[in-house]
Amino acid sequence: MKNFLKQFFGSFNEEPTLTPVDDENAVRKSITVSGHVQGVGFRYFVRQEAHKLGITGWVMNLNDGTVTMEVQCTPPVLEEFVARLQKGNGYSKVVQMKSYDLDIIKGENKFGIKY
């Protein structure tokens, strides 16, 4: 069962190392998503999409029912990522997304789930 969960959701403790985004072209955003986004595998979906796109950062549930994340990538990749978030994983329903700019973290090379 553990191997199935690891295969489906990925490792719970280890995150794959990603190639850091070129600092010159990178942007970092804080994004908070509201709607039906907890209890539906949304964080795992976010992590999976981030890994596919080479995005670094993290995602975490908040006590108010929202999901927050920090993402670092190039602007075109960010645009694609946001489109995927809005579409969701088939179980989630994104109602609202708020974002603001952050300073980039040089050399960041992982995207993980925070608890």
Q: Answer whether the closest heavy-atom distance between the side chains of Asp101 and Lys29 falls below 4.5 Å.
A: yes
Q | Hydrophobic cluster membership, Val59 vs Tyr115, 4.5 Å side-chain cutoff | A | yes
Q | Shared hydrophobic cluster for Ile105 and Val46 (ILVMFWY, side-chain gaps under 4.5 Å) | A | no
Q: Decide side chain to side chain contact (heavy atoms under 4.5 Å, CB included) for Thr17 and Lys110; before the verdict, give the C-alpha distance in whole Å, the side-chain angles of both, and the deciding distance to 0.1 Å.
A: CA-CA 5 Å; Thr17 301; Lys110 295 186 180 197; 3.9 Å; yes
Q: For residues Ser30 and Thr68, report the shortest heavy-atom separation together with the two atoms involved.
A: OG-OG1, 4.2 Å
Q) Among Arg84, Arg43, Lys87, whose salt bridge (Lys or Arg N to Asp or Glu O under 4.0 Å) with Glu49 holds? A) Arg84
(Q) Could you measure the distance from the CZ atom of Phe81 to the CG atom of Leu53? Nearest 0.5 Å is fine. (A) 7.5 Å
(Q) Minimum heavy-atom separation for Asn25 and Pro75, please, with both atom names. (A) O-CD, 3.4 Å
Q. Taking all non-hydrogen atoms of both residues, which atom of Phe111 and which atom of Thr56 are closest, and how far apart?
A. CD1-C, 3.5 Å
**Q.** Of Gln86, Lys98, Met97, the residue whose pairing with Val33 passes side-chain contact (heavy atoms from CB on, under 4.5 Å)
**A.** Met97
**Q.** Contacts of Asp103 that satisfy salt bridge (Lys or Arg N to Asp or Glu O under 4.0 Å) - sequence neighbours left out
**A.** none
**Q.** Shared hydrophobic cluster, Val40 / Val95 (ILVMFWY, side-chain heavy atoms < 4.5 Å)
**A.** no
Q | Side-chain donor or acceptor of Gln38 paired with backbone N/O of Asn63 under 3.5 Å | A | no
Q.
With a 4.5 Å cut-off on side-chain heavy-atom distances among I, L, V, M, F, W and Y, is there a chain of contacts connecting Leu62 to Ile113?
A. no
Q.
So Leu85 and Met69, do their side chains get closer than 4.5 Å, heavy atoms only?
A. yes
Q.
Walk me through whether Val37 and Val94 qualify under side chain to side chain contact (heavy atoms under 4.5 Å, CB included).
A. CA-CA 7 Å; Val37 291; Val94 173; 4.2 Å; yes
Q | Check against side chain to side chain contact (heavy atoms under 4.5 Å, CB included), Asn89 and Tyr44 | A | CA-CA 10 Å; Asn89 65 357; Tyr44 299 98; over 6 Å; no
(Q) On a heavy-atom basis, which atom in Ile104 and which in Ala26 lie closest, and how many Å separate them? (A) CG2-O, 3.8 Å
(Q) Going by ring-ring contact (aromatic ring centres under 6.0 Å, His included), name the pairs with one or both residues in residues 22-43, residues two or more places apart or in two chains. (A) Phe42-Phe45
Q. What distance separates Thr66 OG1 from Met60 CE, expressed to the nearest 0.5 Å?
A. 9.0 Å
**Q.** For Arg28, all residues meeting salt bridge (Lys or Arg N to Asp or Glu O under 4.0 Å), sequence neighbours excluded
**A.** Glu70, Glu108
Q) Say you draw a straight line from CD1 of Ile31 to CG of Leu78; how long is it, rounded to the nearest 0.5 Å? A) 5.5 Å
